[in-house]
Amino acid sequence: MQTTVVDHPLARQALTTLRDVDTDRTRFRHAMDDLAGLLVYEATRSLRTEVVRVTTPLAETEGLKVAEPPIIVPILRAGLGLLGGVLRVLPDAPTGFIGVARNEETLQPEPYMNSVPADLGGRDALVLDPMLATGGSLIHACSLLRDRNPGRLTCVCVLAAPEGVTALERSGLADELVVASVDHHLNEVAYIVPGLGDAGDRLYGTA
Ligand code: PRP
Ligand code: URA
């Protein structure tokens with residue numbers, strides 16, 4: 001698995017806003033949306049393109065378009081925080097949803113939804129989840145996608161714990177991980193440290 005840490009000043013600035021305990025929900029959502037727009041540039045570097053002709057006001061010239069946009073797969077809930085920023089640059093990409101909640105006692109992923117087509121026909125997929133902690137949720141999502149004939153599987157995360165990166169790599173399911181930071185460690189309740197807290201709650205509150 002290729003791991004790319006997006007070490008860009010604007011990404012680090014958005015990540016700092018996300019980490020800050022004093023960032024309110026509105027600013028948190030905005031910063032996540034900004035960061036998604038930056039992470040997706042790295043995550044789509046190897047997309048296949050095709051040559052097109054384009055007429056400018058002055059001449060005809062050659063241009064490029066994405067040959068087949070990847071399917072975007074946010075992991076509910078927190079992955080939705082990255083979806084808008086990704087669809088802004090890939091407006092024609094289809095979206096499939098996977099719902100997984102981590103059981104906070106067993107730390108096991110508990111799936112509750114899946115709207116990914118049964119056969120992806122070799123289409124690439126971008127899997128969105130801001131947090132890669134133990135890796136259980138992303139490994140569940142990638143294993144479900146692997147059974148559906150995908151092309152390249154790229155996971156797009158805001159933060160990862162070293163333990164989660166190792167688990168995802170060992171699973172052999174993902175081709176690439178794009179992340180803004182690999183943090184220090186997981187604490188005793190499997191939260192990423194220094195982290196940003198509970199991403200889903202900071203985006204959407206607790207019902
Ligand atoms: C969080 C986060 C990841 C998962 C990471 O989701 O958004 O999906 O935990 O932990 P893991 O790597 O140990 O599986 P959560 O289950 O809290 O659900 P939510 O997005 O609905 O808040
Ligand atoms: N889920 C989160 O939202 N945050 C963590 O740090 C770990 C899992």
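Note that ligands are numbered from 1 as they come in the structure, with each ligand's atoms numbered from 1 the same way.
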> Consider every N or O of M131 and every N or O of ligand 1, then say whether any pair is closer than 3.5 Å.
no
> Just need the protein heavy atom nearest to atom 17 (O) of ligand 1, so name the residue and atom and give the distance.
E104 OE2, 4.0 Å
> Strictly inside 4.0 angstrom of atom 7 (O) of ligand 1, do you find any protein heavy atom?
yes
> Counting from 1, what ligand 1 atoms have a heavy atom of S137 closer than 4.0 Å?
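Numbered from 1, ligand 1 contributes 4 (C), 8 (O), 11 (P), 14 (O).
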> My understanding is that only residues two or more places apart in sequence, or in another chain, count here; which of them pass side chain to side chain contact (heavy atoms under 4.5 Å, CB included) with T55?
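T55 satisfies side chain to side chain contact (heavy atoms under 4.5 Å, CB included) with E60 once adjacent residues are dropped.
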> Salt-bridge test for D20 and R202: reply yes if a basic N is under 4.0 Å from a carboxylate O, no otherwise.
no
> Assess the residue pair D129 and V127 against the criterion (side-chain contact (heavy atoms from CB on, under 4.5 Å)); give the C-alpha distance rounded to whole Å, side-chain angles, the decisive distance to 0.1 Å, and a yes or no.
CA-CA 7 Å; D129 191 336; V127 191; 5.8 Å; no
> Determine if the distance from atom 1 (C) of ligand 1 to the closest protein heavy atom is below 4.0 Å.
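Under the 4.0 Å cut-off, atom 1 (C) of ligand 1 has no protein heavy-atom neighbours at all.
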> Is a side-chain donor or acceptor of S137 paired with a backbone partner of V100 at a separation under 3.5 angstrom?
no
> Is there a side-chain contact (heavy atoms from CB on, under 4.5 Å) between I192 and L186? Walk through the geometry before answering.
CA-CA 5 Å; I192 300 171; L186 286 179; 3.9 Å; yes
> If you measure from the Lys or Arg side-chain nitrogens to the Asp or Glu carboxylate oxygens, is any gap between R27 and D34 under 4.0 Å?
no
> Would you mind listing which atoms of ligand 1 come within a distance below 4.0 Å of any non-hydrogen atom of G200?
22 (O)
> Out of V40, V156, T95, T44, which one pairs with V86 under the side-chain contact (heavy atoms from CB on, under 4.5 Å) rule?
V40
> Can you report which non-hydrogen protein atom sits closest to atom 15 (P) of ligand 1, along with the distance?
R102 N, 4.1 Å
> Atoms of ligand 1 less than 4.0 Å from G136 heavy atoms?
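Near G136, the atoms of ligand 1 are 12 (O), 14 (O).
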> Could you tell me whether E104 and R102 make a salt bridge, using a distance below 4.0 angstrom between a side-chain N and a carboxylate O?
yes
> Would you say G135 has any N or O atom under 3.5 Å from an N or O of ligand 1, going by distance alone?
yes
> For A101, take its heavy atoms, then give the atoms of ligand 1 lying under 4.0 Å from any of them.
16 (O)
> Side chain, backbone, both or neither: which part of A199 comes within less than 4.0 Å of ligand 1 when only heavy atoms are counted?
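No part of A199 is near ligand 1 at this cut-off.
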> Shared ILVMFWY cluster between L35 and L87, side chains joined below 4.5 angstrom?
yes
> Above 12 or not: heavy atoms from other molecules or residues under 6.0 Å from CD of Q13?
no
> Give the residue, atom name and distance (to 0.1 Å) of the protein heavy atom nearest atom 3 (C) of ligand 1.
D129 OD2, 3.1 Å
> Can you spot which of V6, L82, L132 makes a side-chain contact (heavy atoms from CB on, under 4.5 Å) with V158?
L82
> Is any side-chain N of the basic residue among D183 and R19 closer than 4.0 Å to the acidic one's carboxylate O?
yes
> Measuring only between side-chain heavy atoms, which start at C-beta, is L153 closer than 4.5 Å to R146?
yes
> Enumerate the pairs of nitrogen or oxygen atoms, one from ligand 2 and one from the protein, separated by less than 3.5 angstrom; state names and distance to 0.1 Å.
{"residue": "ligand 2", "atom": "3 (O)", "partner": "A199", "partner atom": "N", "Å": "2.9"}
{"residue": "ligand 2", "atom": "4 (N)", "partner": "G197", "partner atom": "O", "Å": "2.8"}
{"residue": "ligand 2", "atom": "6 (O)", "partner": "I192", "partner atom": "N", "Å": "2.9"}

> What do you reckon, does A78 have a nitrogen or oxygen under 3.5 Å from a nitrogen or oxygen of ligand 1?
yes
> Within the structure, does R77 bring an N/O atom to less than 3.5 angstrom of an N/O atom in ligand 1?
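For ligand 1, there is an N or O atom that lies under 3.5 Å from one belonging to R77.
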> To the nearest 0.5 angstrom, please state how far the CG atom of L15 sits from the CE atom of M32.
10.0 Å
> Would Y112 count as a polar contact of ligand 1, with the cut-off being nitrogen or oxygen pairs under 3.5 Å?
no
> Select the closest option to atom 13 (O) of ligand 1 among T134, L80, L128, judged by heavy-atom distance.
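Looking at heavy atoms only, the winner is T134.
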> What is the nearest protein non-hydrogen atom to atom 18 (O) of ligand 1, stated with its residue, atom name and distance?
V100 O, 4.1 Å
